[in-house]
Amino acid sequence: MQQQSTTSVDLSHMTVSDEVAIQITKMNKWYGNFHVLRDIDLTVYRGERIVIAGPSGSGKSTMIRCINRLEEHQAGKIVVDGTELGSDLKNIDKIRSEVGMVFQHFNLFPHLTILENCTLAPIWVRKIPKKEAEATAMHFLEKVKIPEQANKYPGQLSGGQQQRVAIARSLCMKPRIMLFDEPTSALDPEMIKEVLDTMVSLAEEGMTMICVTHEMGFAQAVANRVIFMDAGQIVEQNEPKEFFNNPQHERTKLFLSQILGH
Amino acid sequence: MQQQSTTSVDLSHMTVSDEVAIQITKMNKWYGNFHVLRDIDLTVYRGERIVIAGPSGSGKSTMIRCINRLEEHQAGKIVVDGTELGSDLKNIDKIRSEVGMVFQHFNLFPHLTILENCTLAPIWVRKIPKKEAEATAMHFLEKVKIPEQANKYPGQLSGGQQQRVAIARSLCMKPRIMLFDEPTSALDPEMIKEVLDTMVSLAEEGMTMICVTHEMGFAQAVANRVIFMDAGQIVEQNEPKEFFNNPQHERTKLFLSQILGH
Amino acid sequence: ATLDDVKARGSLNCGVSTGLTGFSAPDANGVWQGFDVAVCRAVAAAVLGDPMAVEFVPTTGQTRFTALASGEIDVLARNTTWTFSRDVDLKFEFIGVNYYDGQGFMVPKALGVSSAKELDGATVCIQTGTTTELNLADFFRVNNISYEPVPIETNAEAQQQYLAGACDVYTTDASGLAATRASFEAPGDHVILPEIISKEPLGPLVRHGDSEWGDIVRWTLNALVAAEEYGVTSANIGELSAAPGNNPEINRLLGTEGELGAMFGLEADWAKKAIMANGNYGEIFEKTIGENTPIGLSRGLNAQWTEGGLLYSPPFR
Amino acid sequence: MTTMTDPPGQGFRLSQLIYDTRYRSLTIQVVAMILLMLLFSWLVSNTIHNLQNLGKDFDFGFLWQPSGYDINQRLIDYNSQSTHGRAALVGILNTLLVAALGCALATVLGVIAGVLRLSNNWLVARLMAFYVEGFRNVPLLLWIVLIFALMTEGTPAPSAFRGDTPSASMLFDAVAITNRGVYIPAIHFNAAFFESGLYNWLLIIAVFAASVFAVKRIGHWAAVKQEATGDRPTTWYLTLGVLIVPTAILMVLMGAYFDLPSLQGFNFGGGVHLRGSLIALWLALSLYTGAFIAEIVRGGILAISKGQSEAAFALGLRPGTTMNLVILPQALRVIIPPLISQFLNLTKNSSLAIAVGYMDARSTLGGITINQTGRELEGMLLLGLFYLVLSLLISGVMNVYNNSVKLKER
Amino acid sequence: MSDTHAQTVAFVRDTMTEQQEPPLSQSGAYKWMRENLLSTPLNVILTLVSVWLIYSVLSHVMPWAVFGIWDASSLSECRTIRDELYGADANVACWAVISERWKQLLFGFYPPEHYWRPVLAFVLFLVAISPVLFSSLPRKLLAFSVVAPFILFWLIWGGTIWGPICVALGFVIGWAIIRYASPYIGALGSVILAIVVPLLYWFVLAGPLDDLLASILPIGLEQVQSKQMGGFMLAMIIGISGIALSLPLGIVLALGRQSDLFLINKCSVIFIEVIRGVPLIVWLFTASLLLNYFLPPGTNFDLMLRVIIMVTLFSSAYIAEVVRGGLAALPKGQYEAADALGLDYWKSMRLVILPQALKISIPGIVNTFIGLFKDTTLVVFIGLLDPIGLSNAIRASTEWNGIYWELFVFIGLCFFIFCFSMGRYSLFLEKKLRREHR
Ligand SMILES: Nc1ncnc2c1ncn2[C@@H]1O[C@H](COP(=O)(O)OP(=O)(O)OP(=O)(O)O)[C@@H](O)[C@H]1O
Ligand SMILES: Nc1ncnc2c1ncn2[C@@H]1O[C@H](COP(=O)(O)OP(=O)(O)OP(=O)(O)O)[C@@H](O)[C@H]1O
Ligand SMILES: NC(=O)CC[C@H](N)C(=O)O
Ligand SMILES: [Mg+2]
Ligand SMILES: [Mg+2]
């Protein structure tokens with residue numbers, strides 16, 4: 001695995017507050033009879049940048065999808081920004097508009113221009129006037145360095161550009177928390193860098209982020225904490241340096257040896 | 001760009017005869033109003049191994065496709081093996097059966113086995129008895145080191161193996177000239193080597209070859225001559241050592257700096 | 001020419017209706033029987049010597065003329081009314097009349113209607129592409145009453161619609177009405193109204209332009225009629241044709257005297273074979289639609305001219 | 001040493017016709033042309049010969065002769081004295097009517113069945129699958145005949161409504177379902193503005209169209225307002241009001257009243273008579289085509305990846321908004337082209353009217369007229385042309401639409 | 001700065017949690033019901049409506065169908081039996097019409113003592129088609145597929161065995177010319193010869209040869225007229241021969257539509273669009289009424305043959321579109337590779353392009369066949385006895401006058417079984433192709 005140039009960023013000046021952003025307690029989830037998530041306990045503080053790693057099928061995606069209720073959990077409690085996720089539709093709407101999510105396959109809306117992709121939710125969910133929404137959108141498009149593509153359609157952009165639009169689209173909702181589910185794994189190597197750079201700059205601004213990724217370079221450079229999952233459980237968590245240099249659990253050691261052995 | 005192990009081959013013992021294999025004079029080609037090839041002059045002697053390089057869109061593919069009339073040229077003259085390429089179908093057929101071509105995407109026939117792929121043209125174009133064609137095919141499959149795959153279908157082979165079959169398929173027509181259009185650029189790094197090795201062994205036998213490629217290691221090791229094209233023109237040609245160490249034209253220098261700078 | 005085609009083919013293509021009991025319908029064995037069918041058989045017997053050498057092509061009111069014009073059939077014997085425009089404009093040749101008829105109406109008794117004039121607002125089942133369709137339009141327009149036509153392809157369908165009550169009235173040739181009613185479960189529940197609103201001389205027809213073929217069919221029909229007039233029946237025909245008798249007309253008819261058959265390229269005994277096929281006109285009538293059949297039509301206009309009817313065969317001479 | 005030969009002599013050789021790419025295509029086309037011409041002239045000469053033999057000519061004059069027959073369902077004035085041309089027109093309008101009704105109902109059925117087939121209600125999904133497979137795998141003709149039989153055999157005759165103790169009765173005293181069709185109330189005016197009913201209806205349609213236009217303006221206004229303030233004003237009551245009130249007022253002004261069907265003489269009088277043939281054909285065509293449309297709709301929705309709705313949800317969009325703004329606009333692109341070709345099929349299939357005696361273009365122009373005039377060649381030609389033009393029109397519309405919604409790709 | 005949380009939250013799991021059963025509300029029939037039938041109020045309503053619908057249909061249909069009477073010789077007899085068994089107002093089916101007439105519905109008026117012929121023909125047809133449909137079967141079976149049409153024709157229509165053999169001989173001659181004469185007279189010449197010689201042979205020599213052979217060695221089956229065929233057998237014959245014959249024409253049309261040659265391209269497009277723009281029924285009328293206008297005076301051939309010709313033309317337009325899709329799905333590289341190897345147009349089509357394009361097209365062809373098979377019912381309007389035509393005929397007979405549903409149900413069921421299974425097969429094939437393409 002190529003080490004990205006992101007290693008050079010220094011994020012040590014950034015603070016993590018004591019305020020809890022997400023609190024997950026004893027969360028369990030089943031798919032049919034299959035126990036996907038088992039007794040998940042996780043507290044995320046505001047400003048934290050968490051990387052989740054783990055073998056395929058370990059439930060990483062499922063966990064972060066539970067956080068904005070794309071999946072329903074069956075036992076335990078998830079509290080996001082002080083609001084508990086239950087079957088209450090209002091709460092779900094509230095949480096979803098505060099939690100941004102970036103998918104592996106971008107999931108841009110192909111029938112809308114980049115700008116429309118970015119203004120859709122602010123206009124219809126946040127009820128922001130169009131002008132204003134467009135201004136915000138342009139702001140974030142500049143941030144991800146593609147303002148000139150605003151009037152193109154997603155199909156006309158490269159994969160890396162599309163993923164950056166997807167990030168801008170989430171940001172336009174001014175979320176307090178961002179979830180990333182393997183945002184770079186559908187990309188070519190050159191494009192991975194573009195996207196990781198964008199994410200690093202987000203991190204620099206103190207955004208609370210949870211990121212499922214296999215980019216260990218990114219994890220080392222940006223994360224406050226790395227969480228390792230296996231078989232639906234959190235097996236180990238630690239700050240990156242410790243995690244990589246001194247893994248405790250057998251499972252983690254095995255995993256790291258495979259990942260880094262490449 | 002990885003340097004291939006092919007650098008170690010010594011081809012200096014090989015002679016290039018005085019006999020002209022391909023003679024291109026003042027050849028021009030347009031796509032609609034777009035002037036793709038401009039006043040191409042090129043003489044290839046029998047036994048020569050020519051590498052064509054150049055930026056994307058410079059007309060490399062178009063030029064070699066003109067040589068076996070996959071594209072029609074509109075002005076100038078192309079004489080292959082003494083036969084002028086014109087609108088006469090007989091000549092075209094003759095030339096095509098003497099000029100083998102290997103494509104970037106192999107273009108094997110997926111509904112035929114490897115052996116059938118190799119015997120199809122000999123049987124139907126050269127009218128060689130099936131037995132004999134199969135013997136020849138096996139001979140060349142051995143040469144590219146995959147005789148054991150003869151009865152498989154292309155879909156069951158790896159990319160490198162497929163490309164080697166494509167080379168064998170061309171060879172089965174006993175062509176006097178081989179054209180390669182970026183034969184390795186659709187392959188994974190490990191497989192590139194397999195294919196380049198096959199090409200080197202071809203070169204060792206004195207086959208006249210024209211090869212579009214970005215594998216500069218291969219060019220340096222095998223070619224008699226490197227031709228650099230830009231904007232539809234031949235900008236510079238020279239023997240490899242001179243070409244790489246002492247490029248004359250500005251455009252070539254720029255190109256080489258990019259290619260080798262990776 | 002049609003005659004050569006028929007001979008070469010070895011069978012006669014004859015257009016009949018898709019099924020009208022008594023006139024043309026296949027029996028339980030799939031053999032076509034009926035009044036119209038008998039004409040075809042007689043022609044086949046005259047031309048080919050075999051009354052069974054007929055291919056029957058069922059036609060509807062709509063398809064019959066195209067079938068004939070396009071040559072799919074050689075002769076159309078499908079209770080078709082002889083009209084000016086069919087003869088002249090459609091370029092057909094009616095070779096005679098085998099049944100003098102008129103258009104009538106049938107209604108359920110329960111409706112309590114006794115005259116066609118009382119049918120204002122009624123729904124009328126009518127076969128499309130027939131003269132009856134045109135007559136109906138004229139009749140209601142002239143009498144200034146309204147109606148709702150329900151167009152229908154075949155008699156069977158009409159029967160079904162009528163019985164289901166989808167129309168109040170069924171109108172077609174009176175003979176057709178009688179035949180249809182005869183196949184009802186309870187024929188007595190339906191009446192045929194007294195009005196006959198048109199003349200419907202029904203007869204076989206052939207294409208324009210092949211007069212020889214027209215002659216053959218015409219004189220075959222005439223032979224059947226003449227045979228009845230002269231008392232030639234299927235019972236006595238063997239005897240009569242064995243040797244020339246003393247009635248020269250009969251002799252010429254049966255080919256024991258003169259060269260009539262050869263004149264249009266048939267054997268001398270062509271008429272004998274034609275008559276032998278199903279008997280003379282009277283026999284055919286009695287067997288298929290006569291008073292002793294369920295259809296129970298009386299001869300009426302279709303009696304010999306000698307008996308006050310309209311049947312009148314030109315002389316065989 | 002070179003073995004270059006001189007370029008071949010410039011003289012033209014015959015073999016170049018076959019072996020020279022420049023002339024080859026020309027040669028092939030000329031040969032094809034000649035063969036085609038030969039075939040055509042053979043067919044035409046046969047036809048001329050055959051027509052001559054029959055003593056017929058090729059002439060469309062019959063279209064201007066009186067037809068002599070009546071047509072039960074006519075959308076324009078027509079009686080037995082009208083011309084064959086007008087009869088053909090009546091038939092064509094009838095074809096268009098049943099095709100339009102069929103397309104509308106088929107779309108409704110298809111969309112409902114398609115969406116329900118995706119429903120997470122197991123029972124409903126199964127039921128819809130049953131409907132779809134049942135109709136798709138049995139010939140349309142059978143369905144037409146079956147539904148027609150259901151109409152004629154399964155419903156009472158008008159006479160059943162008669163008498164003191166009728167064996168059948170009307171629904172709500174307003175709708176009579178009989179084996180001759182369904183009678184529904186009609187709207188009539190006793191203070192109509194125009195003599196002709198047509199103009200009155202045109203007026204009403206115009207007013208209604210104006211309302212629809214106004215509703216669009218309201219939508220636009222709401223959009224502008226939303227752009228400016230972010231809040232979209234609630235407009236549904238306004239929309240509803242604008243849509244209904246003006247038309248309603250106009251109707252009242254014109255003294256609109258319901259003309260209920262009632263038994264008069266042999267049949268029901270008053271009201272609108274939807275003939276059994278129309279209903280059977282309409283229902284069968286709609287149910288049959290609806291089954292195909294259901295599959296198209298289902299496919300269209302499935303073609304929109306789950307990621308699209310997830311992305312919308314993750315942005316906080318509600319399911320309804322997601323449907324309107326994200327899923328439908330994309331699904332429609334997938335759905336509409338095959339949908340239109342289903343419309344095309346339905347229109348062509350309406351020629352099965354022959355099975356139920358519905359007086360469509362085939363029955364008038366291609367049926368009775370041909371039969372009465374003996375102009376089968378001309379009649380069939382016109383009929384074929386009519387269907388062809390209709391098909392080309394519909395597929396032309398489809399192409400325009402396709403081009404206008406094509407997704408922009410790199 | 002307090003980057004401390006990372007330390008405080010450091011965590012290593014010591015015991016792994018085992019897989020647990022989901023909570024009760026999350027499993028079993030209860031959950032299934034809740035999720036699949038009653039998840040929302042709307043869903044509850046839908047469920048209730050469906051249950052009501054199913055109940056009301058079944059409560060009418062089931063007793064009617066189940067208590068149906070199977071043994072009677074006419075409708076009135078059926079009614080008497082019903083009156084005895086269930087009383088006069090019971091509504092039960094009279095399946096007797098099926099048990100009496102099912103053979104007719106299947107075979108039309110085909111002589112009953114020869115029923116084995118169509119049955120055997122059908123079985124042989126299945127054998128012949130199987131190597132085309134299932135690629136896992138040995139390729140050798142294809143040889144049988146080639147001769148099968150002649151055998152099937154002979155089995156169904158009967159006559160001397162020499163007729164089909166003489167016709168087949170024509171094809172053999174054509175093939176032999178291409179195979180052995182092309183080295184001497186060139187490809188083009190041999191192709192022209194291979195078309196002209198068999199045609200001459202068929203028109204001039206085949207008839208007398210047939211007669212001669214038949215008189216020397218009269219082997220044969222009793223001849224059966226097309227007229228006597230009806231029912232599903234007719235639908236099969238028209239459908240199968242329509243598709244089989246339209247395949248070559250469809251391929252030619254598809255190639256024509258892809259061609260750069262202006263005239264050929266436009267002709268193909270016009271042909272395809274005209275055929276598809278006009279309803280089949282109009283074409284059938286044309287076949288039965290007008291075809292004779294276009295042919296030399298005096299030509300007169302079997303109505304069934306005319307229908308097959310028309311249906312062939314009709315389906316060839318649809319097949320052409322299917323094949324065109326298959327051709328378009330092939331990457332351009334395949335055409336180029338064939339060119340670069342020196343294969344000429346026809347060889348590259350035959351050896352490289354068409355084998356692949358046709359394989360992709362099979363599901364589409366099967367679907368076209370299903371459509372065509374259903375459309376064969378339209379021949380009832382030109383007087384052929386397809387199943388619906390036969391049902392009309394049965395209803396017209398005095399015994400069964402007034403019977404509807406039983407016949408419709410039977411015919412519908414037969415069609416359904418056939419079309420549904422074909423449809424499933426084509427779906428299976430599509431899925432398989434999609435898998436292979438990855
Ligand atoms: N809808 C579903 N129904 C049933 N099982 C599912 C479903 N979605 C996921 N699973 C299963 O749940 C487990 C966890 O899936 P999840 O996608 O969360 O894994 P992951 O850690 O994200 O893996 P990857 O790295 O491959 O994305 C997997 O075993 C998967 O097969
Ligand atoms: N069929 C075509 N129609 C029009 N323009 C074409 C066509 N094929 C190629 N071109 C244009 O001709 C130019 C030369 O193309 P060519 O494929 O020969 O370039 P190349 O040197 O092989 O580039 P690459 O390294 O990307 O393969 C390009 O600008 C290309 O866009
Ligand atoms: N009803 C019929 O089938 C025939 C009607 C009438 N005799 C006609 O020739 O048009
Ligand atoms: Mg995942
Ligand atoms: Mg190239």
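Only heavy atoms go into these numbers, but all of them, side chains included; no hydrogens, no water, no symmetry mates. Every chain is numbered from 1 and lettered A, B, ... according to where its sequence line falls, protein lines coming before strand lines.
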- E:Phe418 portion near chain D, given a 4.5 angstrom heavy-atom threshold: neither
- Message: With a 6.0 Å cut-off (strictly less than), is the heavy-atom count around OH of E:Tyr345, excluding the residue itself, greater than 12?
- Response: yes
- Report yes if some heavy atom in the side chain of D:Glu376 is under 4.5 Å from a heavy atom in the side chain of E:Tyr293; otherwise report no. yes
- Heavy atoms only, distances under 4.5 angstrom: which of D:Leu127, D:Asn349, D:Leu36 has the most pairs with chain E? Name it, please. D:Leu127
- Message: Between D:Glu153, D:Arg126, D:Lys348, who has the most heavy-atom pairs with chain E when the cutoff is under 4.5 Å?
- Response: D:Lys348
- Could you tell me which non-hydrogen atom of D:Trp42 sits nearest to which non-hydrogen atom of E:Phe294, and how far apart they are? CZ3-O, 4.4 Å
- Message: Quick check on E:Leu46 against chain D: is it the side chain, the backbone, both or neither that has a heavy atom closer than 4.5 Å?
- Response: both
- Task: Measure distances from E:Phe373 to the heavy atoms of chain D and classify the residue's part below 4.5 Å as side chain, backbone, both or neither.
- Result: neither
- Query: If every non-hydrogen atom of D:Glu133 is compared with every non-hydrogen atom of E:Phe416, which pair is closest and at what distance?
  - Reply: O-CE1, 3.3 Å
- Query: What option among D:Leu116, D:Leu26, D:Leu377, D:Leu385 has the most heavy-atom pairs under 4.5 Å with chain E?
  - Reply: D:Leu377
- Message: Counting C-beta onward and ignoring hydrogens, is there a side-chain heavy-atom pair between D:Leu150 and E:Trp405 closer than 4.5 Å?
- Response: yes
- Exercise: identify the closest heavy-atom pair between E:Ile264 and D:Gln29: N-OE1, 4.3 Å
- Step-by-step side chain to side chain contact (heavy atoms under 4.5 Å, CB included) determination, D:Tyr387 to E:Val282: CA-CA 9 Å; D:Tyr387 281 112; E:Val282 173; 4.2 Å; yes
- Item | Side chain proximity check, E:Ile54 to D:Phe130, heavy atoms < 4.5 angstrom | no
- Is any side-chain heavy atom of E:Thr377 less than 4.5 Å from a side-chain heavy atom of D:Leu142? no
- Message: Please rank D:Asn120, D:Ile370, D:Leu390 by heavy-atom pairs under 4.5 Å with chain E and give me the top one.
- Response: D:Asn120
- Note on the structure: Between D:Val138 and E:Gly412, the two heavy atoms sitting closest are CG2-O, 3.6 Å
- Message: Please report the interatomic distance CG(D:Leu43) to CG(E:Leu295), rounded to the nearest 0.5 Å.
- Response: 7.5 Å
- For D:Thr289, enumerate each residue passing the side chain to side chain contact (heavy atoms under 4.5 Å, CB included) test, keeping only those at least two apart in sequence or located in another chain. D:Ala106, D:Ile293, D:Gln342, D:Leu346
- Note on the structure: Cut-off 4.5 Å, heavy atoms of chain D, and the answer for E:Phe420 is both
- Task: Give, for atom OG of D:Ser351 and atom CZ of E:Phe285, the distance between the pair rounded to the nearest 0.5 Å.
- Result: 9.0 Å
- Item | E:Cys414 portion near chain D, given a 4.5 angstrom heavy-atom threshold | neither
- Note on the structure: Heaviest contributor of heavy-atom pairs below 4.5 Å to chain E, chosen from D:Val389, D:Leu392, D:Leu352, is D:Leu352
- Partner chain E: residue of D:Leu51, D:Leu123, D:Leu344 with the largest heavy-atom pair count (under 4.5 Å): D:Leu123
- Task: Could you look at D:Ala355 and say if it's the side chain, the backbone, both or neither that has a heavy atom under 4.5 Å from chain E?
- Result: both
- Checking E:Ile281 against chain D: side chain, backbone, both or neither under 4.5 Å from a heavy atom? side chain
- Do E:Lys374 and D:Tyr288 pass the side chain to side chain contact (heavy atoms under 4.5 Å, CB included) test, and can you show the C-alpha distance, the side-chain angles, and the key distance before you say yes or no? CA-CA 12 Å; E:Lys374 285 188 292 173; D:Tyr288 185 78; 2.8 Å; yes
- What part of E:Ile411 gets closer than 4.5 Å to chain D, counting heavy atoms only: side chain, backbone, both or neither? both
- Any chance you could measure D:Ser119, atom OG, to E:Asn43, atom CG, to the nearest 0.5 Å? 5.5 Å
- Please report the closest heavy-atom contact between E:Gly277 and D:Ser391, naming both atoms and the distance. O-OG, 2.9 Å
- Item | Portion of E:Leu53 that has a non-hydrogen atom of chain D nearer than 4.5 angstrom | side chain
- Is it the side chain or the backbone of E:Val380 that comes within 4.5 Å of chain D heavy atoms, both, or neither? side chain
- Task: Against chain E, label D:Leu383 side chain, backbone, both or neither, depending on which of its atoms sit under 4.5 Å from a heavy atom there.
- Result: side chain
- Decide yes or no on side chain to side chain contact (heavy atoms under 4.5 Å, CB included) for E:Phe381 and D:Leu141, but give the supporting numbers first. CA-CA 11 Å; E:Phe381 295 120; D:Leu141 181 59; 3.7 Å; yes
